[in-house]
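Working notes, beginning with the structure itself.
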Amino acid sequence: MRLIALLLAAFAGTASAAACGPDQLNTERTITLKREGAAYGTNQHAALPLQPGEVVLTFDDGPSPENTPLVLKALADQCAKATFFLEGQHLRTSPDLARREISEGHSVGIHSDTHPHLTQLSPEQQLDDLARARAAYKTVFGVETPAYRFPFLEETPTMLDALKQANITVASIDLGINDWIPEDTTDILAQRLNASLDKAGRGIILMHDANGPTAKALPTLLKVLKDKGYKVVHLEWEPAP
């Protein structure tokens with residue numbers, strides 16, 4: 001029985017690989033970052049080592065039971081890998097969905113615990129939010145988080161120092177599509193992505209897997225990337241010590 005199970009698993013993996021062909025967007029390459037207190041994203045920091053036409057797909061605010069599965073399906077259909085920045089409060093309520101992201105080949109970091117405006121909190125409150133988010137991540141995945149994205153991209157000296165000391169990468173962005181307006185349509189989001197790509201030409205793209213219009217639009221957004229000749233680069237981090 002064990003031999004049959006192994007053969008079936010191997011067949012499934014081959015079939016999945018065979019489904020990734022020139023008709024899909026695909027993942028061009030992977031960058032493996034060190035677990036260190038670096039910071040990337042030209043909105044606030046240094047650029048990742050990307051070539052013109054290379055983009056990193058990232059999603060914030062999940063996992064969302066309603067929307068994240070749609071995002072995962074769209075990514076799987078196009079053989080594209082992404083990085084998800086998860087809120088601690090959602091990790092606690094949807095741990096299996098978070099683990100599914102890892103099992104499907106994506107990478108994950110944290111995006112605060114409750115998505116507060118950190119600039120309006122005391123240093124002690126900021127560090128408490130970080131501690132709770134890190135604890136939720138470790139409970140779900142068994143290791144320390146490698147990366148952090150600030151809610152609202154609002155950085156503070158207290159948090160930057162704490163993240164650097166903990167060897168947690170700060171992930172800012174290079175371009176986004178402002179996808180948090182409930183009335184957004186797929187056409188509007190596609191237009192915003194087109195405009196952002198034409199302006200930036202490469203970089204870390206911010207989207208939100210917790211946002212219904214984004215989840216619905218993602219097949220179209222991935223098609224925009226493919227039609228414009230963009231290549232997906234996946235971010236990973238070295239294994240935790």
Side-chain angles (χ1 to χ4, degrees), residues 9 12-13 16-17 19-20 24-33 35 40-41 48 55-115 132-151 168-173 176-177 179-180 204-219 221-222 225 232-240:
S16 176
C20 296
Q24 278 78 30
L25 176 61
N26 293 301
T27 301
E28 184 73 9
R29 65 188 181 100
T30 297
I31 295 176
T32 302
L33 298 174
R35 283 182 173 255
Y40 297 101
L48 279 170
V55 294
V56 175
L57 305 177
T58 70
F59 296 89
D60 285 4
D61 293 350
S64 161
E66 297 79 19
N67 300 308
T68 300
L70 299 177
V71 169
L72 290 173
K73 182 181 186 307
L75 292 170
D77 287 345
Q78 290 299 318
C79 301
K81 303 302 181 187
T83 302
F84 291 84
F85 291 93
L86 314 176
E87 294 180 23
Q89 61 181 346
H90 300 318
L91 273 169
R92 287 188 289 273
T93 57
S94 300
D96 290 340
L97 183 54
R99 294 187 190 101
R100 177 182 164 188
E101 293 170 350
I102 291 285
S103 71
E104 294 188 12
H106 306 291
S107 51
V108 293
I110 54 175
H111 186 47
S112 80
D113 194 63
T114 59
H115 209 281
R132 284 186 281 115
R134 290 179 64 184
Y137 188 100
K138 190 164 187 179
T139 295
V140 172
F141 300 112
V143 296
E144 288 286 347
T145 182
Y148 182 95
R149 175 172 284 152
F150 280 86
I168 297 173
T169 299
V170 173
S172 186
I173 70 169
I177 58 173
D179 59 329
W180 52 78
I204 304 168
I205 302 176
L206 167 61
M207 294 176 280
H208 294 80
D209 61 309
N211 186 44
T214 303
K216 180 180 178 182
L218 191 57
L221 301 179
L222 297 178
L225 292 173
V232 171
V233 175
H234 184 214
L235 287 187
E236 291 184 348
W237 280 265
E238 292 178 344

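Everything quoted here is computed from the prediction, not taken from an experiment.
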Original post:
Angle class for the H111/H115 ring planes (parallel below 30°, perpendicular above 60°, tilted otherwise)?
Top reply: perpendicular
Original post:
Parallel under 30°, tilted from 30 to 60°, perpendicular over 60°: which one fits the rings of F84 and F59?
Top reply: parallel
**OP:** Verify salt bridge (Lys or Arg N to Asp or Glu O under 4.0 Å) between D96 and R100, making sure each step is shown before the conclusion.
**Re:** CA-CA 6 Å; D96 290 340; R100 177 182 164 188; over 6 Å; no
Would you say the side chain of [Y] lies within less than 4.5 Å of the side chain of [X], judging by non-hydrogen atoms?
| X | Y | result |
| --- | --- | --- |
| W237 | V143 | no |
| L225 | I205 | yes |
| I204 | S172 | no |
| I177 | L221 | yes |
| N211 | D61 | no |
| E104 | L75 | no |
| Y148 | S112 | yes |
| L97 | P69 | yes |

What distance separates [X] [atom1] from [Y] [atom2], expressed to the nearest 0.5 Å?
| X | Y | atom1 | atom2 | result |
| --- | --- | --- | --- | --- |
| H106 | D209 | NE2 | CG | 10.5 Å |
| L235 | I31 | CG | CD1 | 6.0 Å |
| D60 | H208 | CG | NE2 | 4.5 Å |
| W180 | L206 | CH2 | CG | 7.0 Å |
| Q78 | L218 | CD | CG | 9.0 Å |
| I110 | F85 | CD1 | CZ | 10.0 Å |

Short side-chain to backbone donor-acceptor contact, [X] and [Y], under 3.5 Å:
| X | Y | value |
| --- | --- | --- |
| Y137 | V108 | yes |
| R99 | V140 | yes |
| T27 | R29 | no |

Quick one: closest heavy-atom pair of [X] and [Y], and the distance?
| X | Y | result |
| --- | --- | --- |
| C79 | Q24 | SG-CG, 4.1 Å |
| G88 | A136 | O-CB, 3.8 Å |
| A80 | L25 | CB-CD2, 4.3 Å |
| G109 | T145 | CA-OG1, 3.6 Å |
| P65 | S94 | CG-OG, 3.5 Å |

**OP:** Going by the side-chain hydrogen bond (donor to acceptor under 3.5 Å, both in side chains) test, name the single residue among E236, H234, K81 that passes it with S107.
**Re:** H234
Original post:
Of H90, Q89, R92, which meets side-chain hydrogen bond (donor to acceptor under 3.5 Å, both in side chains) against D113?
Top reply: R92
Subject >> L222 and its side chain to side chain contact (heavy atoms under 4.5 Å, CB included) partner, picked from D77, L57, V232 >> reply: L57
Original post:
With distance as the sole criterion, is a donor-acceptor pair present between the side chains of T58 and T83 under 3.5 Å?
Top reply: no
Subject >> Full working for side chain to side chain contact (heavy atoms under 4.5 Å, CB included) between V56 and Y40 >> reply: CA-CA 12 Å; V56 175; Y40 297 101; over 6 Å; no
